[in-house]
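Okay, so here's the structure we're looking at.
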Amino acid sequence: MTDRSESYLLEFPPEAHYVSTARIFGAGVARTFGADEDLVEDLKIAVSEACTNAIKAREQGTVDGPVRLWVRREEDLLSFEAEDTGIQPAGDSPEPIIPSSGSTSEDIARRLSLETIRVLFPSTEIVPGDKGGGNIRFSVPLPASPPPA
């Protein structure tokens, strides 16, 4: 049996103007594996939201260092994961813990951002991050056969 998993990593400074690079990266990987264009458009929104949350967490001092976006291909799925968003997994609860930023509008925006990702990709989950906090992870289904080379 062969291992058909592949991983890709984008690492960028926690600055808003790099979010477009993350969108292009995610869309490019998805297109490489034959994802439908409608799905790619939804994916770009979800990647933008996840990376923006990661940047906000770094601005609030919840997490240090660059933003990391992993894409892992395993068989017929692409999993996207934005590292250390400052959101805490809530154990057995489906609702993550989002620490208050001190601004009601900022807190609402972070929750809406997460809900946007969930609406687009119901597989969305908050998983424990390597540096504490939680990572936003969601999966994208791929077509059964790879695109022609």
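Taking all atoms of both residues into account, the shortest heavy-atom contact from P143 to G34 is CG-O, 3.1 Å. A50 and A82 make their closest contact through CB-CB, 3.8 Å (heavy atoms, listed as atom of the first residue, atom of the second, distance). The shortest heavy-atom contact between A22 and L10 is CA-CD2, 3.5 Å. Contact detail for S113 and N53: the closest heavy-atom pair is OG-ND2, 3.4 Å.
Within the structure, ring pair (Phe, Tyr, Trp, His ring centres under 6.0 Å) pairs that include any residue of residues 107-128 comprise F121-F138 (at least two apart or interchain).
Under the 4.5 Å side-chain criterion, counting only non-hydrogen atoms from C-beta, F80 is not in contact with R137. Using a 4.5 Å heavy-atom cutoff, the side chains of P13 and P66 are not in contact. Here the side chains of L43 and V47 are in contact, with some heavy-atom distance below 4.5 Å. For the pair E37 and R31, the minimum side-chain heavy-atom distance is below 4.5 Å.
Rounding to the nearest 0.5 Å gives a distance of 6.0 Å between OG1 of T52 and CD of E49. Atoms CG and CG, from D36 and L142 in turn, are 11.0 Å apart once rounded to the nearest 0.5 Å. E83 CD to C51 SG: the interatomic distance, rounded to the nearest 0.5 Å, is 11.0 Å. Distance CZ/R118 to CD1/I126: 6.0 Å, rounded to 0.5 Å.
Following chains of ILVMFWY side-chain contacts shorter than 4.5 Å, one can reach L69 starting from F33, so the two form part of one hydrophobic cluster. F12 and I136 fall within the same hydrophobic cluster, defined by Ile, Leu, Val, Met, Phe, Trp and Tyr side-chain heavy atoms under 4.5 Å apart, directly or through other members.
Salt-bridge check for K56 with E59: failed, with every basic side-chain N at 4.0 Å or more from each acidic carboxylate O. Between E81 and R72 a salt bridge is recorded (basic side-chain N to carboxylate O distance below 4.0 Å).
Listed by chain and number, the residues in a ring pair (Phe, Tyr, Trp, His ring centres under 6.0 Å) with Y18 amount to none (sequence neighbours excluded).
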### Query
Passes side chain to side chain contact (heavy atoms under 4.5 Å, CB included), L77 versus V140? Steps please.
CA-CA 6 Å; L77 275 180; V140 175; over 6 Å; no
### Task
Check step by step if side chain to side chain contact (heavy atoms under 4.5 Å, CB included) holds for V67 and R58.
CA-CA 9 Å; V67 174; R58 283 154 176 80; 3.8 Å; yes
### Task
Check the pair L120 / I45 against side chain to side chain contact (heavy atoms under 4.5 Å, CB included), numbers first and verdict last.
CA-CA 9 Å; L120 294 171; I45 293 168; 3.6 Å; yes
